[in-house]
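These notes are about the structure you will find just below.
A, B, ... follow the sequence lines: proteins, then strands. Residue 1 opens every chain.
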2 protein chains.
Amino acid sequence: MIEESSLIDFGAEKRFYAKEEYIFKQDQPALFYFQIASGEVKMNNYQPDGKEFIQAIFSAPRSFGEPPLFADIVYPANAIAIKNSLIWRLPKSAFYELLRQKPDTHLRVSQAIAKRLHYKALMAAELAQQSPENRILKILDYLKQEVNNITTPFGYKTDLTRQNIADLTGLRVETVIRTLKELEQKNEVKIINRKVYR
Amino acid sequence: MIEESSLIDFGAEKRFYAKEEYIFKQDQPALFYFQIASGEVKMNNYQPDGKEFIQAIFSAPRSFGEPPLFADIVYPANAIAIKNSLIWRLPKSAFYELLRQKPDTHLRVSQAIAKRLHYKALMAAELAQQSPENRILKILDYLKQEVNNITTPFGYKTDLTRQNIADLTGLRVETVIRTLKELEQKNEVKIINRKVYR
DNA sequence: ACTAATTTATGACTGTAATCATAAGTGTTT
DNA sequence: AAACACTTATGATTACAGTCATAAATTAGT
């Protein structure tokens, strides 16, 4: 995450993206550094059969889509606003110049990427293993601890729908619904009028 | 990947790791930057049921285990030498000093992490989806194109065993064996005396 | 050269998540 | 208030990867 003052200094513009609007698409090369000022963004893939896989959900003040700025690769997923959002957009060349002039910022960007890689590695191991219970708990715990910094038991109320959880874990809605009920039996989650607490 | 001259300048030591030896373990904090001089290293997790999941396999001159050097996180997986290996080991503080003094190197390290994240994102989408065929082809194509830079059809002969592929994809050996045979039928891979070509 | 260990292979059976069908509850829009 | 879309829910059935058992082929170790 880069300070707004720096973003402005280096010529970033704050753009509005309507809900459902694409910010970039899979397989495109990267032209900008993006950072959320307000709103929410998801990164996803659509599988051959049309099923969605959500790579991540980001909110302010997080940046996203940096990897292809660094390496000679294309976006591995789409980025789509899931709420009306304001997003800083800094051209690639200016981003490089900013990194060059501000080593601390470069370090923070590296940190952000490192954390994302860490999460992906954990999720990959979880996804490879089959158990729906573990997949779901991993996602919930990640959002609870890493994103929302909550430690109290059942202190995290997710605003993900069952379908969202399915798309994040690669499961089906019905499986998520059934597994969540089993997890409630086992006292791993609480469900209070349909809302999931962890 | 950092030039050996720089590594030496900043006090790195080249250590020998015997086959099967641990270089670091999951959940430990990072103390060193590692770079392979010779040999081969795998990063893996062991699931509760004892099943192995291989996060990645690295060979010279690649570095590994950088993310926890940057962010306040622990290793998400073990690193184990799978051949007798010589590995550069640079203390964390010296690594930071090196990055500070050599911005180009910092950029290259960022690039390496970015690429790894890219791969993880692709694999996560593939793992979430169930099809064994796609999981296996994704791994083979990744190794073929990204690691070995081969483009000719069936020009890549993998040295992974069926079990390796199983551990990389989260499948079972039997499933890998059967799926590879189906893939051969479909002319997606060639199998010449048990070796897999892609 | 011989033994042991690993890798590849195949068949039979099982368990579980996906799939399909249907519906009730909740929220949003006009 | 009605219409519509979305979300949650449940039951029945199916498909398919996992599991278990066993063995042949290959490689590594002494």
Can you identify which nucleotide, out of [options], has its nearest atom closest to the [X] side chain?
X        : options                : result
B:Thr161 : D:dT8, D:dA17, C:dT8   : C:dT8
B:Glu174 : C:dA21, C:dA9, D:dT19  : D:dT19
A:Val173 : C:dA9, D:dT8, C:dA18   : D:dT8
B:Leu171 : D:dT19, C:dT19, D:dA17 : D:dA17

Take atom CG in A:Asn149; do more than 12 heavy atoms of anything else shown fall under 6.0 Å from it? yes
Sequence neighbours left out, what passes ring-ring contact (aromatic ring centres under 6.0 Å, His included) with B:His106? Give chain and number order. A:His106
Give me each pair satisfying ring-ring contact (aromatic ring centres under 6.0 Å, His included) with a member in [range], each pair once, sequence neighbours excluded.
range                       : answer
residues 75-102 of chain A  : A:Phe24-A:Tyr75, A:Tyr33-A:Phe95, A:Phe70-A:Phe95
residues 119-149 of chain B : B:Tyr119-B:Tyr142
residues 148-198 of chain A : none

Hydrophobic cluster of B:Ile80, others only, ordered by chain and residue number, side-chain cut-off 4.5 Å: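 B:Tyr22, B:Tyr46, which link up through side-chain heavy atoms under 4.5 Å apart, make up the rest of the cluster.
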Round to a whole Å and report the spacing from [atom1] of [X] to [atom2] of [N].
X        : N      : atom1 : atom2 : answer
B:Glu184 : C:dA9  : CD    : C1'   : 14 Å
B:Glu182 : D:dA15 : CD    : C1'   : 13 Å
A:Asn134 : C:dT16 : CG    : C1'   : 15 Å
A:Arg172 : D:dT7  : CZ    : P     : 16 Å
A:Gln129 : D:dG18 : CD    : P     : 12 Å
A:Lys51  : C:dA17 : NZ    : C1'   : 11 Å
B:Asp167 : C:dT7  : CG    : P     : 10 Å
A:Ile192 : D:dT8  : CD1   : P     : 15 Å

So which atom in A:Asn45 and which in B:Ala125 form the shortest heavy-atom distance, rounded to 0.1 Å?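 The answer is OD1-CB, 3.5 Å.
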Considering heavy-atom distances to DNA chain C, does A:Pro132 or B:Ile177 have its closest nucleotide positioned more toward the 5' end?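 Nearer the 5' end of the strand: B:Ile177.
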In B/S/- notation, 5' to 3', how is nucleotides 22-30 of chain D contacted by protein heavy atoms closer than 4.0 Å? ---SS----
Below 4.0 Å: OP1/OP2 of D:dA9 and any side-chain N or O of A:Arg178: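 Looking at the OP1 and OP2 atoms of D:dA9, neither is under 4.0 Å from any side-chain N or O of A:Arg178.
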Under 4.0 Å between a side-chain N or O of B:Arg162 and OP1 or OP2 of C:dT8?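 Result: yes.
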